[in-house]
Number of protein chains: 2
Amino acid sequence: MNLEKMQGKCGQVSSMMKAIAHPQRLMILCHLSEGEKNVGEILALCEISQSQLSQFLNRMQREKLLKVRKDGQFAYYSIADKNLHKLIQSMQKIFCE
Amino acid sequence: MNLEKMQGKCGQVSSMMKAIAHPQRLMILCHLSEGEKNVGEILALCEISQSQLSQFLNRMQREKLLKVRKDGQFAYYSIADKNLHKLIQSMQKIFCE
DNA sequence: CAAAGATATTACAATTTCATAATATTCTTA
DNA sequence: TAAGAATATTATGAAATTGTAATATCTTTG
């Protein structure tokens, strides 16, 4: 791969990495790597305020990293980006085994 | 793994991820994943000023992600953290193949 | 020793991110 | 339809990050 193409890749990938570069966002992603969860469930698993959780979920959704499925009053979030999912799994292997 | 331990891990790992969450720092790390390089060589490969490169290298060294070997007037940097190295390689597989 | 090259340090304004509080919206159910 | 639960939005100050300029240090070589 040439330098210019590599610059482009690094730009894309590093901006995805910003999502992971926060303790609670990483926590959210690790939990979602097991499957979709609604906001209340995630809230119970992470040490974070409801407002911030909602903001983080919204942000990662705008960045196409997450997707949401509304069911009545509940909102179920899951990982939308296949590569992000692979990366989280790799990270779990590297850092948690 | 219990939640508390998971919080700890996510804290550690996300702070390592901050290094990767920047286009030029990721570029640096990708080049260093092939082996040690001196500052001038890295400078030629990345679109970054000399000052900023030096600051980034110093920062990642303080965080124990990189190590440096001085040889005369040259400073050779390489990846010091084994897990970071594994992660960069995983990322290259996921995003660059 | 003086000059030039390689690298490091310091300082600072601009921007971005973070955390929190307050409030709003939407859906369910009594 | 009023109350309550689940989720989203907005606003804001504090803190961290970024990029750049200027300067310093260390090393080699003429």
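Proteins come first, then strands; the chains are lettered A, B, ... in the order of their sequence lines, and each starts at number 1.
- Residues B:F95 and A:N83 form a side-chain contact, since some pair of their non-hydrogen atoms from C-beta on lies under 4.5 Å apart.
- You'll find a donor-acceptor pair under 3.5 Å spanning the side chain of B:S51 and the base of D:dA21, going by distance alone.
- Checking C:dG5, D:dT7, D:dG19 against the side-chain heavy atoms of A:F74 singles out D:dT7 as nearest.
- Taking the nucleotide of DNA chain C with the nearest heavy atom to each of A:G72 and A:A21, the more 5' of the two is matched to A:A21.
- B:R62 has no side-chain polar atom (N or O) that falls below the 4.0 Å cut-off from OP1 or OP2 of C:dA8.
- Under 4.0 angstrom from either OP1 or OP2 of D:dA8 there lies at least one side-chain N or O belonging to A:Y77.
- When rounded to the nearest whole Å, the span between CZ of B:F56 and P of C:dT9 equals 15 Å.
- In this structure, B:Q52 reaches the D:dG19 phosphate: one of its side-chain N or O atoms is under 4.0 Å from OP1 or OP2.
- Under 4.0 angstrom from either OP1 or OP2 of C:dC18 there lies at least one side-chain N or O belonging to A:R25.
- Atom CG of B:L53 is separated from atom P of D:dT18 by 14 Å (rounded to the nearest Å).
- Taking 3.5 Å as the limit, the base of C:dT20 and the side chain of A:Q55 contain a donor-acceptor pair of atoms between them.
- One can place CD of A:Q61 at 14 Å from C1' of D:dT9, the figure rounded to the nearest angstrom.
- In this entry the distance linking CG of B:D71 with C1' of C:dG5 reads 15 Å, nearest Å.
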